[in-house]
Amino acid sequence: MLIRWSAAAAAAMMLSSPVLLQGASAADKPTDPQIAHIAYTAGVIDINAAKQAQKKAKSKDVKAFAKDMLRDHEAVNKQALALVKKLNVTPEDNETSKALSKQAADKMAELDKLDGAAFDKAYVANEVAYHKAVNGALETQLIPSASNAELKSLLQTGLKIFQGHQQHAEHVAAELK
Amino acid sequence: MPGRLASIALAAVLLSMVVPARAATIEITMDNLVIAPPEVSAKIGDTITWVNRDFFAHTATARNGDFDVMLPPKKSATSVLKKAGTIEYYCRYHPNMKATLKIEP
Ligand SMILES: [Cu+2]
């Protein structure tokens with residue numbers, strides 16, 4: 001199955017997290033209901049991570065970053081829900097969504113054991129890696145696979161916002177050192 | 001006498017020309033994470049209408065602290081320009097969104 005992937009997709013996948021890699025290869029070409037589910041799940045994961053950070057983070061910059069994540073991801077997910085309703089599409093659970101949720105739950109448990117500066121560092125590092133992985137999946141898998149034009153456009157807007165998040169996270173990570 | 005009347009009339013005309021043109025309203029939009037137009041020239045007294053077409057929040061925040069306008073999703077806001085200067089501003093939530101506002105006296 002991997003052979004059918006383009007070189008660009010394969011290169012991007014090597015940079016992605018193991019879960020998105022596994023999940024992506026498990027589903028050959030996701031359908032729109034699956035794409036909607038994956039995108040929504042990815043948003044929920046970052047919302048939950050931000051909520052955890054709001055409780056545990058020490059640094060002012062990290063707190064502000066978490067607030068930004070919460071605001072944007074909630075807005076995107078709200079828009080995604082409105083769109084699936086309009087299109088009469090029922091988001092469909094799938095292996096990628098399941099793998100993403102599992103990895104996120106493990107990460108949250110891991111971060112929960114940390115406090116203060118150690119938490120801040122680990123949370124921001126994970127945000128960098130997570131946005132990188134999600135952006136890679138959006139660019140190489142989800143956006144090219146989406147068949148509905150409105151869904152594709154929403155994913156493209158999401159990618160643009162999340163690329164900004166990745167830069168923001170990288171900036172915060174650099175400041176923490 | 002008619003001469004004097006005429007000069008009063010002339011003075012009135014001249015005066016009305018000296019009084020500055022009515023303040024303008026200039027629209028600046030934020031759409032799909034882009035501020036347009038990226039450069040705007042305005043005058044003191046003009047009104048900026050900030051229009052957020054996106055479904056997420058933005059801000060128009062001056063780097064020098066002159067203004068910080070909150071723009072909720074799909075909402076607009078207005079600012080009346082009171083101080084001259086060339087102001088670089090950006091969105092605090094999406095710092096890649098940057099633009100310039102030139103305010104002439
Ligand atoms: Cu913004």
Side-chain angles (χ1 to χ4, degrees), chain A residues 36 39-40 42-43 46-47 50 54 60-87 127-128 131 135 138 143 149-175, chain B residues 26-40 42 47-80 83 85-103:
Chain A
Y40 191 81
D46 209 49
I47 288 167
Q54 285 194 314
K60 197 175 100 258
D61 289 346
V62 174
K63 275 189 192 229
F65 173 80
K67 201 174 166 193
D68 286 350
M69 293 308 104
L70 207 58
R71 184 192 314 106
D72 280 350
H73 284 280
E74 279 180 343
V76 173
N77 270 10
K78 197 175 144 203
Q79 192 73 8
L81 279 188
L83 180 62
V84 294
K85 200 174 160 199
K86 182 186 158 198
L87 298 176
E127 285 297 294
V128 173
H131 280 93
N135 292 342
L138 277 168
I143 292 171
E150 280 178 273
L151 178 63
K152 205 187 261 283
S153 151
L154 177 59
L155 296 172
Q156 276 160 342
T157 302
L159 175 62
K160 219 169 157 187
I161 303 179
F162 306 154
Q163 282 169 338
H165 291 174
Q166 187 188 325
Q167 284 175 18
H168 190 176
E170 282 164 351
H171 181 78
V172 176
E175 296 285 298
Chain B
I26 301 162
E27 192 175 291
I28 297 178
T29 64
M30 301 194 177
D31 193 358
N32 209 9
L33 295 138
V34 175
I35 301 176
E39 267 189 49
V40 162
T47 299
I48 302 291
T49 303
W50 308 96
V51 181
N52 179 8
R53 296 228 164 92
D54 284 329
F55 58 80
F56 34 90
H58 294 302
T59 73
T61 306
R63 294 212 189 268
N64 69 358
D66 274 5
F67 54 83
D68 184 15
V69 183
M70 202 24 227
L71 293 160
K74 303 278 181 192
K75 289 269 158 41
S76 37
T78 56
S79 315
V80 178
K83 236 172 90 184
T86 297
I87 298 171
E88 309 279 330
Y89 66 97
Y90 69 109
C91 168
R92 279 188 283 121
Y93 307 148
H94 312 104
N96 287 339
M97 299 172 65
K98 290 177 254 187
T100 308
L101 182 57
K102 271 188 199 154
I103 307 163

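Here is how names work: the chains are called A, B, and so on, in the same order as the sequence lines, proteins then strands, and each is numbered from 1. Computed from a prediction, not measured in an experiment: that's the story for all the values here.
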State plainly whether the residues B:R53 and B:E27 are in salt-bridge range, i.e. N to O under 4.0 Å. yes
A:E175/A:H171 under side-chain contact (heavy atoms from CB on, under 4.5 Å): CA gap, chis, key distance, verdict: CA-CA 6 Å; A:E175 296 285 298; A:H171 181 78; 4.1 Å; yes
Can you list the steps and then say if B:K75 with B:N52 is a side-chain contact (heavy atoms from CB on, under 4.5 Å)? CA-CA 5 Å; B:K75 289 269 158 41; B:N52 179 8; 5.6 Å; no
Measure from the side-chain N and O atoms of B:D68 to the backbone N and O of B:T61, and report whether any donor-acceptor pair falls under 3.5 Å. no
Going by distance alone, is a donor N or O of one side chain under 3.5 Å from an acceptor N or O of the other, for A:D72 and B:H94? yes
Step-by-step side-chain contact (heavy atoms from CB on, under 4.5 Å) determination, B:K98 to B:E88: CA-CA 7 Å; B:K98 290 177 254 187; B:E88 309 279 330; over 6 Å; no
Sort out for me which of B:D54, B:L33, B:N96 touches chain A most, counting heavy-atom pairs under 4.5 Å. B:L33
For chain B, which residues of residues 162-170 of chain A have at least one non-hydrogen atom nearer than 4.5 Å to it? A:G164, A:Q167
